[in-house]
Protein chains: 2
Amino acid sequence: MDLRHLRYFVAVAEEENIGRAATRLHISQPPLTRQIQQLEEELGVALFIRTPRGMELTQAGELFLEEARNIRALVEQATERTQRAGQGKLGRLDIGIFGSAILDVIPKLLLNFRNCHPDVKVVLHTMTKAEQIEAVRQRRISVGFNRMLAPLDDIVIKQVATEGLLVALHADHPLARQSVIRFAELKDHPMILFPTGARPSFIDKVMGLCIENGFQPQISQEVGDAVTGVALVASGFGICLVPESATTLQFPGVIYRRLTDPPPNLIVDLSCIYRRGDQSPILAAFLQTVDDYRESASEQVD
Amino acid sequence: MDLRHLRYFVAVAEEENIGRAATRLHISQPPLTRQIQQLEEELGVALFIRTPRGMELTQAGELFLEEARNIRALVEQATERTQRAGQGKLGRLDIGIFGSAILDVIPKLLLNFRNCHPDVKVVLHTMTKAEQIEAVRQRRISVGFNRMLAPLDDIVIKQVATEGLLVALHADHPLARQSVIRFAELKDHPMILFPTGARPSFIDKVMGLCIENGFQPQISQEVGDAVTGVALVASGFGICLVPESATTLQFPGVIYRRLTDPPPNLIVDLSCIYRRGDQSPILAAFLQTVDDYRESASEQVD
DNA sequence: CCTCTCCATACTCTTTAGGTATGCTTCAAC
DNA sequence: GTTGAAGCATACCTAAAGAGTATGGAGAGG
């Protein structure tokens with residue numbers, strides 16, 4: 001049996017007349033007669049009663065008509081869904097994130113992506129940098145977001161955004177009276193660092209800046225992520241260098257101050273990683289969204 | 001697209017290797033390669049990633065695999081169901097009945113039929129003789145049960161059973177003391193007749209018998225069916241001639257007495273009617289059940 | 001570097017769908 | 001009653017498409 005047989009059968013059943021059905025199908029009458037005979041022979045069942053007036057469905061034919069319509073609808077649906085999946089408009093995208101990336105850029109990106117691709121199910125997985133790399137390799141996630149990424153052969157790193165650094169400090173802190181702070185002034189003030197875990201990380205960025213400015217930081221506490229860091233600032237444990245997006249966190253008593261030095265020293269990048277050679281149309285669509293985001297972000301700067 | 005494409009696609013997706021899939025499908029490798037290419041081209045979507053190790057499904061391919069399996073299962077199911085319908089094992093049978101036929105024969109027939117054909121939905125319609133004939137012509141019912149049927153060109157009449165006649169009378173009735181009654185003894189006893197409505201009917205049978213035995217019956221009441229007739233016997237309205245199967249009705253105070261005369265005079269037939277030329281396999285199966293029933297009934301008599 | 005594996009391509013053959021012409025049956029109209 | 005029209009079936013031919021054989025080409029492993 002063939003989908004052609006079903007198409008022909010439905011036409012004949014609807015027209016109740018082989019000649020008219022043949023016209024509708026843009027073929028001549030004899031081949032259609034033969035196809036219907038073949039179908040009946042293959043099923044071993046009479047689907048039609050031949051009357052002088054035309055073709056009339058048997059009970060078995062009535063039943064088969066329903067089934068044939070179902071099958072044809074399902075085929076059409078399968079075709080359409082598969083095509084949408086091939087265009088990255090249907091399916092699932094697993095994304096690896098880490099603590100502070102969720103604060104600003106990722107929500108905006110996801111919002112844009114879901115507007116264009118409402119039928120792609122986005123699943124977020126919180127994981128460390130090392131876990132993300134491993135998960136990308138094993139295809140458990142298609143894309144991961146992180147900072148301070150070192151080049152790898154099998155993984156592409158694509159910069160998503162750059163953010164300036166701010167100092168988070170308590171309103172009672174001596175430096176809080178200044179509207180702008182020079183980096184060197186941070187010397188001798190206890191500092192909260194994050195994240196713990198795999199190096200190189202944001203910690204190394206901060207340590208490097210301190211050394212460039214001629215001092216070793218006084219480490220008050222090492223914590224897992226920016227959220228915890230700012231929470232400790234609110235509790236008076238010290239100051240904390242954070243990316244701009246951390247201003248989303250408005251803990252009581254915490255204020256953010258800009259540093260005087262200009263880029264490129266006082267910026268930190270946010271990048272995404274994905275498997276080199278990954279052909280997934282959903283990933284491609286997501287990376288397109290990332291590009292669009294970067295463009296619109298740089299336009300805002302202009 | 002063709003069902004062949006689906007079969008081939010599923011095989012390749014499962015084997016993850018065109019060569020092995022070709023072996024499984026009992027064809028050679030190159031045609032299979034081409035069929036898969038055709039399918040991908042028609043959908044406009046890459047279903048597989050070609051690796052040095054073999055064929056790996058894309059996300060779109062995974063989705064299409066599910067759909068393809070569904071479609072194939074549905075086709076198989078449609079084939080099987082249609083074949084069962086063609087053998088009269090699946091579908092619907094509409095049967096016309098009248099009041100007293102339901103008492104004995106029909107329940108037994110239906111029980112037998114449903115044992116052999118559990119997936120045929122049997123729908124009973126209570127209708128008069130005239131309604132049954134009209135409904136058979138209009139195909140609203142496939143078969144009807146009735147008594148005293150006159151031959152018709154377009155309808156086949158098939159005798160289902162013959163039943164002897166009994167006299168239903170009240171236990172206090174003078175004739176109740178006799179274990180057997182001669183027909184002529186019914187003279188001068190008020191008699192309940194049924195059914196009202198279309199002639200010829202059971203009434204004409206009874207009237208004919210009375211005249212044969214030399215008297216005009218004293219009509220106490222005409223009622224619609226045997227059930228009402230026997231109910232009136234219980235209320236003391238008179239005696240009532242009924243088919244044997246009416247003994248199913250055990251009203252308090254009602255007893256049944258055999259008549260002395262032998263067949264063929266004191267029997268009444270139950271027949272079924274159906275459209276001449278009706279090819280429905282379900283009807284054929286039902287008529288076969290009727291034949292089997294008649295055979296087993298006559299065996300019991302032997 | 002060679003070989004093995006596996007998919008793609010080229011070409012041929014065979015099957016089968018589709019077209020044209022025609023026959024057969026039934027129904028209706030004259 | 002005969003004739004014509006409608007509708008399905010059959011016979012035969014053509015063309016398209018699937019399947020087979022032979023071979024090429026690319027990547028992985030020894």
Side-chain angles (χ1 to χ4, degrees), chain A residues 1-58 60-61 65 68 72 137 153-154 275-279, chain B residues 1-43 45-58 60-61 65 68 137 153-154 275-279:
Chain A
M1 183 167 22
D2 231 339
L3 292 181
R4 180 186 45 255
H5 288 112
L6 300 187
R7 195 170 78 248
Y8 288 4
F9 167 77
V10 171
V12 174
E14 284 174 357
E15 299 288 343
E16 297 187 323
N17 176 312
I18 292 192
R20 276 201 304 278
T23 308
R24 189 172 114 183
L25 294 165
H26 305 296
I27 61 173
S28 60
Q29 170 258 315
L32 184 52
T33 296
R34 248 178 303 131
Q35 293 290 326
I36 297 295
Q37 287 172 340
Q38 270 181 24
L39 181 60
E40 289 183 316
E41 195 178 336
E42 186 179 339
L43 290 172
V45 172
L47 299 172
F48 293 99
I49 299 163
R50 276 71 170 171
T51 72
R53 269 196 217 76
M55 306 285 275
E56 194 177 313
L57 283 171
T58 61
L65 177 59
R72 280 166 52 74
R137 286 205 175 110
D153 277 351
D154 55 343
R275 209 165 42 80
R276 187 179 301 284
D278 192 333
Q279 302 282 341
Chain B
M1 183 167 24
D2 230 338
L3 291 181
R4 181 186 43 255
H5 288 112
L6 299 186
R7 195 169 79 247
Y8 288 3
F9 168 75
V10 171
V12 174
E14 282 173 359
E15 297 289 343
E16 297 187 321
N17 177 312
I18 291 191
R20 276 201 304 276
T23 308
R24 189 172 115 184
L25 294 166
H26 306 295
I27 61 172
S28 60
Q29 170 257 316
L32 184 53
T33 295
R34 248 176 301 130
Q35 295 289 327
I36 297 295
Q37 288 171 341
Q38 269 180 25
L39 181 61
E40 289 183 317
E41 196 177 338
E42 187 180 339
L43 291 172
V45 172
L47 299 172
F48 292 100
I49 299 162
R50 275 73 171 170
T51 72
R53 269 197 215 75
M55 307 284 277
E56 194 177 313
L57 283 171
T58 60
L65 177 59
R137 287 204 175 111
D153 277 351
D154 55 345
R275 210 164 43 79
R276 188 179 300 284
D278 192 333
Q279 301 283 339

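Order of the sequence lines sets the chain letters (A, B, ...), proteins ahead of strands, with each chain counted from 1.
Within the structure, a side-chain polar atom (N or O) of A:Thr33 is placed less than 4.0 Å from OP1 or OP2 of D:dA9. The phosphate of D:dA17 (OP1 or OP2) has no side-chain N or O of B:Gln35 nearer than 4.0 angstrom. Of the side-chain N and O atoms in B:Arg50, none sit less than 4.0 angstrom from OP1 or OP2 of C:dC6.
To the nearest 0.5 Å, atoms OG1 (B:Thr23) and CD1 (B:Ile18) are separated by 11.5 Å.
Other residues, nucleotides and ligands contribute only 12 or fewer heavy atoms inside 6.0 Å of the CZ atom of B:Arg53. For B:Gln279, the CD atom is loosely surrounded, since the number of other residues' heavy atoms within 6.0 Å does not exceed 12.
Across all non-hydrogen atoms, the minimal contact from A:Ala60 to A:Val45 is CB-CG1, 3.5 Å. Taking both residues in full, the closest heavy atoms of A:Ala22 and A:Leu32 are given as N-CD2, 3.4 Å, listed atom of the first, atom of the second, then distance.
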Heteroatom pairs (N/O) under 3.5 angstrom, protein to nucleotides 19-23 of chain C:
from	atom 1	to	atom 2	distance (Å)
C:dG19	OP2	A:Ser28	N	2.8
C:dG19	OP2	A:Ser28	OG	3.2
C:dG19	O6	A:Arg34	NH2	2.9

For nucleotides 27-30 of chain D, tabulate all protein N/O to nucleotide N/O atom pairs closer than 3.5 Å, reporting atom names and distance.
none

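For the pair A:Gln37 CD and C:dA17 P, the computed distance is 13 Å after rounding to whole Å. Summarising the geometry, the separation between CE on A:Met55 and P on D:dA6 is reported as 19 Å, rounded to the nearest angstrom. In this entry the distance linking CZ of B:Arg4 with P of D:dA16 reads 17 Å, nearest Å. Rounded to whole Å, the distance from CZ on A:Arg7 to P on C:dA17 is 12 Å. Rounded to whole Å, atom P of D:dA17 lies 16 Å from atom CE of B:Met1. Counting to the nearest Å, the C1' atom of D:dC8 and the CD1 atom of A:Ile36 are 12 Å from each other. Residue A:Leu3 contributes atom CG, which lies 17 Å from atom C1' of C:dT16 at whole-angstrom precision. Rounded to whole Å, atom P of C:dT16 lies 11 Å from atom NE2 of A:His5.
In terms of the salt bridge (charged side-chain N to carboxylate O under 4.0 Å, His left out) criterion, residue partners of B:Glu40 (sequence neighbours excluded) are, by chain and number, B:Arg50. Scanning for salt bridge (charged side-chain N to carboxylate O under 4.0 Å, His left out) contacts around B:Asp153 gives an empty result, with sequence neighbours left out.
No engagement by A:Phe48 is indicated, since no non-hydrogen atom pair under 4.0 Å with the nucleic acid exists.
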Discussion item. For A:Leu47 and A:Ile36: C-alpha separation, side-chain torsions, deciding distance, then whether side-chain contact (heavy atoms from CB on, under 4.5 Å) applies.
Written reply: CA-CA 9 Å; A:Leu47 299 172; A:Ile36 297 295; 5.9 Å; no
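Residues in residues 15-28 of chain B take part in these salt bridge (Lys or Arg N to Asp or Glu O under 4.0 Å) pairs, two or more places apart or across chains: B:Glu14-B:Arg24, B:Glu15-B:Arg20, B:Glu15-B:Arg24.
No salt bridge links B:Asp154 with B:Arg275; every basic N to acidic carboxylate O contact stays at or beyond 4.0 Å.
Under 3.5 Å, the side chains of B:Thr33 and B:Gln29 contain a donor-acceptor pair of N or O atoms.
Listed by residue number, the members of residues 13-21 of chain A with any heavy atom below 4.0 angstrom from DNA chain D are A:Asn17, A:Ile18, A:Gly19.
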